[in-house]
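Single-structure report; data block below.
Letters A, B, ... are given to chains in the order of the sequence lines, protein chains preceding strands, and every chain is numbered from 1. Scope of the values below: all heavy atoms of this structure, side chains included, with no hydrogens, waters or symmetry mates.
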There are 2 protein chains.
Amino acid sequence: MPSAKYDRIYDKLRERIENEVYKSQELLPSEHVLIEEFDCSRNTVRRAIKQLADDGYVQSIHGKGVRIIYQPYEQSEFMLSGIESLKEAVARNKKEYTTKVVCFAELMVDDKISKRTTFPIGTEVYYLQRVRYIEGEALIIDHNYFRRDIVKGLTPEIAEKSVYEYLEGPLGENIVTTKRKMTVERITEIDSKYLKLKDYNCLAVVSSMTYNADGIMFEYTQSRHRPDCFTFYDQAQRVK
Amino acid sequence: MPSAKYDRIYDKLRERIENEVYKSQELLPSEHVLIEEFDCSRNTVRRAIKQLADDGYVQSIHGKGVRIIYQPYEQSEFMLSGIESLKEAVARNKKEYTTKVVCFAELMVDDKISKRTTFPIGTEVYYLQRVRYIEGEALIIDHNYFRRDIVKGLTPEIAEKSVYEYLEGPLGENIVTTKRKMTVERITEIDSKYLKLKDYNCLAVVSSMTYNADGIMFEYTQSRHRPDCFTFYDQAQRVK
DNA sequence: TGGTATTTGTCCGTATGTATC
DNA sequence: GGATACATACGGACAAATACC
C-alpha cells in the first residue's frame, strides 16, 4: 500500500531535519526548489511543510522562508506523543516490557461508570485492570473499558499481548482519533497494591477516549503512571 | 485585519457544533452543500474541516462523510490547551487571578542553565519567579527565562501583568510555536514556601519553549502546578 | 452480483495578495 | 520598485470508499 506523495515528501524532509542535513535555525529550501526536486505541485510540498510545522519541526515565516526549529529529545526518557500504544512507545525506546492482566470482567455501564467514561448507560463493556512492567518494574496500571460490540471476543490472553494489534489485525478496526486528559491524582489502594511507588503520594493519570474509523468511541482508558517514569510532549501553534 | 475565509468557515462550523446545531455522532453536511452555503471552493471548506479534525471536533470517513465527535468538557476544571497565556485561560473560565513576582534578575546563561533551557551559554536572560494566585489561592509557581535581546526592557511591573501582552503589544512580537513537556516532580523547598500544597509531595510540571515569528526561541519556562488544579487536554490523530 | 451516484482523498495548475529583502 | 517567498483561493481531474438499487 504505497503512501501518498505529500506523505513521502514529509518523510524525506523530516529525515533530513533529524539527520541535520538541514540544520536547526536554517531555512528549508524554498517551495520552488522543493517542487523541482520532488517533481510535484506547489500544493503538495505545502501540505508536507504544513505537517512538519504541526509536528514542531519547522515554522513558516511569511515572505522569508521556513525555519527549522527541531531540537532532538533526550532519548533517556520515556515519551508519549501522538497516538501510540504503550508497546509501540516502549519498542521505540528499545526496552523490554510485559503486561499482566489482574482483572478481567464483562459488565454493563451503570450511572456511575457512564459519568466517568461517557459511555451510554446500558453499554456492554469489557473492564480490565492491567499492570505494565518496563524492564521488570511495575510502572503503570491501566483501567480499560472496551465496547464489547466492537472489540469482539477479547480475552485475557489477547489483553496480555496487545489489544491494538488485535483490533487492527483480526478485527480490521482502524483507530483514528484519541482525546486525552492529563491530571495528577492521589494514589489509591489499588495503585499501591500493584505499583512500586517509592514514597510518592501522587500519580500521573492519562484518561483517554479512542474512536474508530466510524467515529464510534470504543475505548475509555485511565492510565496511572508512576511519576518518575512519565513524560508527555506536546507542540502547539498560535494561529495569529 | 479580517481573517481568512477558511478561518471564518471554521469558526461558523465550530460554533454550530458547540451549540449542537450539528449534533454529536451525526454527519456534517457534505462538502458540496457547504460549498454552496459558503460560496467558496472545495479546497476552502476542506481546509476548515481539516482544522476541525485537528482540534478533535470531527473525523472524516472516506466515502461516507464527516462525523462529529465533539463532547463538551466540564467547565469546572481549569484547562490548558494550545498556546494560551495563563491570563487568557483564566479569563475564559471567568476567574480572578493575580501574579506576584518574587524574584527578578538579569543573568547570563551558564553551563548548568544551558543544559536545562537549551539557551546557548552566554545568552543574556531575565530570570523570574512568579507566583500565580487564582481566586486568591497560590496554585502555580513559574520559573521564567526570557532572552533579553528579544524581550527588551522587561520590568517586574510588566511581569505582574502579562508578559505576552507586552510582547505582542509594544514589542510587536508574534508568538508562534510552543513546545511543551509535562512531567510530575517532587516538591522543592521553593514550592512549599510559596504554594499551599496540602499534603501533596508532587507537582505537575510543564516545561515550555516558545519561539517568535523569526523562529528564535526566546522563552523557557517551567510552570509548577498544584496537582488538584491542573488539567491538560490533548487530541491526536493516527495517520494510517 | 454488479452498476451508479455520492462523498471524501489526492494532485495539479493558475491567479492574486502580502511580507521580506 | 523589483525580485523572491510564503498565503489564500479557485477550479478541474481522477481515485477510492461507501451506499443504494
Side-chain angles (χ1 to χ4, degrees), chain A residues 1-11 13 22 26-54 57-69 172-174 176-177 211-216 237-240, chain B residues 1-11 13 22 26-54 57-69 172-174 176-177 211-216 237-240:
Chain A
M1 207 186 297
S3 54
K5 199 166 181 177
Y6 70 90
D7 218 45
R8 292 197 300 274
I9 295 173
Y10 165 84
D11 280 336
L13 293 178
Y22 303 144
E26 285 179 2
L27 296 180
L28 225 53
S30 76
E31 292 176 353
H32 178 69
V33 174
L34 293 174
I35 288 166
E36 294 248 314
E37 174 181 350
F38 294 111
D39 188 32
C40 66
S41 75
R42 182 147 176 255
N43 278 338
T44 305
V45 291
R46 281 181 63 75
R47 209 163 158 181
I49 290 171
K50 171 73 160 56
Q51 196 58 50
L52 289 170
D54 285 345
Y57 287 97
V58 303
Q59 180 170 287
S60 294
I61 309 167
H62 195 161
K64 204 168 180 185
V66 178
R67 176 144 291 149
I68 292 144
I69 57 170
E173 289 283 352
N174 288 316
V176 176
T177 303
Y211 296 74
N212 71 3
D214 289 327
I216 313 267
Q237 269 178 284
R238 165 162 290 206
V239 270
K240 180 168 61 169
Chain B
M1 210 185 297
S3 55
K5 197 167 183 175
Y6 72 90
D7 218 45
R8 292 197 300 274
I9 295 172
Y10 165 84
D11 281 334
L13 294 177
Y22 302 144
E26 286 179 0
L27 297 180
L28 223 55
S30 76
E31 292 175 354
H32 178 68
V33 174
L34 293 174
I35 288 166
E36 294 248 316
E37 174 181 350
F38 295 111
D39 186 33
C40 66
S41 73
R42 183 154 173 243
N43 278 336
T44 304
V45 291
R46 282 181 63 74
R47 207 162 158 182
I49 290 169
K50 170 75 160 58
Q51 196 58 49
L52 288 170
D54 286 345
Y57 286 96
V58 302
Q59 181 170 286
S60 294
I61 308 168
H62 194 163
K64 204 168 181 184
V66 178
R67 177 143 290 147
I68 292 145
I69 57 170
E173 289 283 351
N174 289 315
V176 177
T177 303
Y211 296 74
N212 71 2
D214 288 328
I216 313 266
Q237 269 177 284
R238 165 161 293 205
V239 271
K240 181 168 61 173

Out of C:dT10, C:dG13, D:dG11, whichever nucleotide has its closest atom nearest the side chain of A:Asn43: C:dG13

Residue A:Ser41, side-chain atoms from C-beta onward, closest of C:dC11, D:dC10, D:dT8: C:dC11

Using OP1 and OP2 only, check whether a side-chain N or O of [X] sits under 4.0 Å from [N].
X	N	answer
A:Thr44	C:dC12	yes
B:Tyr6	D:dA9	no
A:Arg42	C:dT14	no
B:Lys64	D:dA19	yes

Sugar-phosphate, base or nothing in reach of B:Ile61, heavy atoms under 4.0 Å: sugar-phosphate

Sugar-phosphate only, base, or nothing, as touched by B:Arg47 at under 4.0 Å among non-hydrogen atoms: sugar-phosphate

Pair B:Asp7 + B:Arg47: basic N to acidic O under 4.0 Å: no

SB check A:Arg46 A:Glu31 (cutoff 4.0 Å): yes

Residue whose closest nucleotide on DNA chain C lies nearer the 5' end, A:Asp39 versus A:Gly63: A:Asp39

Among A:Val66, A:Ile68, A:Leu52, the one residue meeting side-chain contact (heavy atoms from CB on, under 4.5 Å) with A:Tyr57: A:Leu52

Side chain A:His62 and base D:dA7 donor-acceptor under 3.5 Å: no

